[in-house]
2 protein chains.
Amino acid sequence: MKKLNVEEAMKIFYQKCEERGLKITPQRVFIYQELLQATDHPSIDEIYQRVKDSLPNISFDTVYRTAFSLTEMKLVDIVEGHSGSRRFDANTGPHHHFRCLKCHKIIDFDSDYYDKVIIPEELQRKFNIVAKKIMLEGFCEECSQIE
Amino acid sequence: MKKLNVEEAMKIFYQKCEERGLKITPQRVFIYQELLQATDHPSIDEIYQRVKDSLPNISFDTVYRTAFSLTEMKLVDIVEGHSGSRRFDANTGPHHHFRCLKCHKIIDFDSDYYDKVIIPEELQRKFNIVAKKIMLEGFCEECSQIE
DNA sequence: TTACTATATAATAATTATTACTATTTGTCA
DNA sequence: TGACAAATAGTAATAATTATTATATAGTAA
């Protein structure tokens, strides 16, 4: 993994905040720094617990809003739980998904090319892998137009 | 998309239920059929609302348990919201994820090969795509041993 | 520096989603 | 048919997410 350069990331953080007229508050800074050094993809509550060490009075709501503003700034990605609730699919045949980041629709698509994407051998050895999932993210036809 | 053959799927459903000693109840049948014909990856609550039309007295809990038993039988996939809560990642550089289906850890990994996987042009045209995400699922080193 | 103002914050409440519990009912098999 | 393990309805408990509001603060410009 290319080691994340914290200084560089903070520089971009300050820039992006300025661009968007977001104030540089200690809460915002600590939350982003905590995320930068985390390697375990924490939940909002986990970030909240960790940031509390430095800022004991911080509220859950602040962490919540800040995490979302960071994703809007594209400084942070959501790796699990985009939309509200767990969703199911009875189509277990080979197919792939596109997720609309605005309306949260998940749309199926076929792709021979994606079907053929393999699982690297070193990972097969390391983990017991049972599935490969490719997800494309963006804006669907309707949501692209509105933007 | 290869059209899902409902009859074929039901046959497999009955087989798998038998194998596992699961009773064929109307609730189970309706829930699976509802999922088979759905194309929108519904949540438990959405399935519940739909199945209610046929079985007005069905309880949310039944849908909940049944949806999970179907995933355990590998008749149904979870496409969103595997573990409890939303999770964040400040590493926005190129990398990929492995998810442990048992302990729900998400582990980063690098892969030049996956970095190079492209986005099919037809999809580029159809959607406004901003990200490609590859997720491998299985059991991590610790969880593989216990099994 | 100081005063101003838009933004951010803490504290908490409301909503929504998930999971657990128990008494009753229902498939299944002998 | 009758016995019994498994499943269900109804509901309660927990957990996660989102909204609200009064107060505080960062950034700006006199």
Side-chain angles (χ1 to χ4, degrees), chain A residues 10 13-34 41-73 75-76 78-88 104, chain B residues 10 13-34 41-73 75-76 78-88 104:
Chain A
M10 288 311 294
F13 166 81
Y14 287 119
Q15 273 173 18
K16 289 215 179 182
C17 284
E18 199 172 351
E19 276 172 28
R20 297 178 178 233
L22 298 179
K23 293 179 179 171
I24 309 296
T25 64
Q27 290 88 341
R28 226 195 274 283
V29 172
F30 273 104
I31 289 166
Y32 184 49
Q33 283 180 340
E34 194 60 51
H41 319 92
S43 67
I44 295 196
D45 198 61
E46 284 165 338
I47 304 165
Y48 172 54
Q49 298 303 335
R50 292 172 199 179
V51 173
K52 255 189 182 167
D53 291 344
S54 318
L55 300 170
N57 290 328
I58 197 166
S59 73
F60 180 85
D61 181 69
T62 296
V63 180
Y64 175 83
R65 280 180 299 93
T66 304
F68 276 87
S69 77
L70 290 171
T71 65
E72 273 159 31
M73 293 156 87
L75 291 171
V76 163
I78 295 175
V79 289
E80 175 66 52
H82 279 257
S83 64
S85 51
R86 190 178 273 121
R87 293 168 66 181
F88 297 85
H104 299 121
Chain B
M10 287 312 292
F13 166 81
Y14 287 119
Q15 273 172 18
K16 288 215 181 183
C17 283
E18 199 173 349
E19 275 173 28
R20 297 179 178 233
L22 299 179
K23 294 178 179 171
I24 309 297
T25 65
Q27 290 88 341
R28 225 194 277 279
V29 173
F30 273 105
I31 289 165
Y32 183 50
Q33 282 180 342
E34 194 60 52
H41 318 92
S43 66
I44 295 196
D45 198 60
E46 284 163 338
I47 305 165
Y48 172 54
Q49 298 303 333
R50 292 172 199 179
V51 174
K52 255 190 183 165
D53 291 344
S54 319
L55 301 169
N57 290 328
I58 196 166
S59 73
F60 181 85
D61 181 66
T62 296
V63 180
Y64 176 82
R65 278 180 299 95
T66 303
F68 276 87
S69 78
L70 290 170
T71 65
E72 273 160 31
M73 293 157 85
L75 290 171
V76 163
I78 295 175
V79 290
E80 177 67 51
H82 279 258
S83 64
S85 52
R86 191 178 270 121
R87 293 168 66 181
F88 298 85
H104 300 121

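Letters A, B, ... are given to chains in the order of the sequence lines, protein chains preceding strands, and every chain is numbered from 1.
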Just jot down the side chain to side chain contact (heavy atoms under 4.5 Å, CB included) partners of A:Glu72, sequence neighbours excluded, or say none.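 For A:Glu72, the residues satisfying side chain to side chain contact (heavy atoms under 4.5 Å, CB included) (neighbours in sequence not counted) are A:Arg20.
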For B:Ile44 and B:Glu18, find the nucleotide of DNA chain C closest to each by heavy atoms; which residue's nucleotide sits nearer the 5' end?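 Its nearest nucleotide lies further toward 5', so the answer is B:Ile44.
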Determine the interplanar angle of the A:Tyr64 and A:Phe60 rings, folded into 0 to 90°, and report it as parallel if under 30°, tilted if 30 to 60°, perpendicular if over 60°.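 Correct class here is parallel.
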At what angle, to 10 degrees, do the two end axes of the helix from C:dT1-D:dA30 to C:dA30-D:dT1 meet, given five pairs define each axis?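 Its terminal axes enclose an angle near 40°.
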Who passes ring-ring contact (aromatic ring centres under 6.0 Å, His included) against B:Phe30, sequence neighbours left out?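 By the ring-ring contact (aromatic ring centres under 6.0 Å, His included) rule, B:Phe30 matches no residue at all.
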Using a 4.5 Å cut-off on heavy atoms from C-beta on, say whether the side chain of B:Val51 contacts that of B:Gln27.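 A side-chain contact is absent here, since even the closest heavy-atom pair is not under 4.5 Å.
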Min side-chain heavy-atom separation A:Tyr48-A:Lys52 under 4.5 Å: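 They are in side-chain contact.
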Results of side-chain hydrogen bond (donor to acceptor under 3.5 Å, both in side chains) for B:Arg65 - residues two or more places apart only: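 By the side-chain hydrogen bond (donor to acceptor under 3.5 Å, both in side chains) rule, B:Arg65 matches B:Asp61, B:Thr62.
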What is the distance from atom [atom1] of [X] to atom [atom2] of [Y], rounded to the nearest 0.5 Å?
X: B:Arg87; Y: A:Ile47; atom1: CZ; atom2: CD1; result: 10.5 Å
X: A:Glu80; Y: A:Ser43; atom1: CD; atom2: OG; result: 11.0 Å
X: B:Leu22; Y: B:Phe13; atom1: CG; atom2: CZ; result: 8.5 Å

Using a 3.5 Å distance criterion without hydrogens, assess whether the side chain of A:Arg86 forms a donor-acceptor pair with backbone atoms of B:Ile78.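 Side chain of A:Arg86 to backbone of B:Ile78, a donor-acceptor pair under 3.5 Å: no, none is there.
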Which nucleotide span of DNA chain C, 5' end to 3' end, has atoms closer than 4.0 Å to non-hydrogen atoms of chain B?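 Contacts span C:dT18 to C:dT28, reading 5' to 3'.
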Across nucleotides 3-12 of chain D, 5' to 3', mark each nucleotide with B, S or - according to how protein heavy atoms within less than 4.0 Å reach it. --BBSBBB--
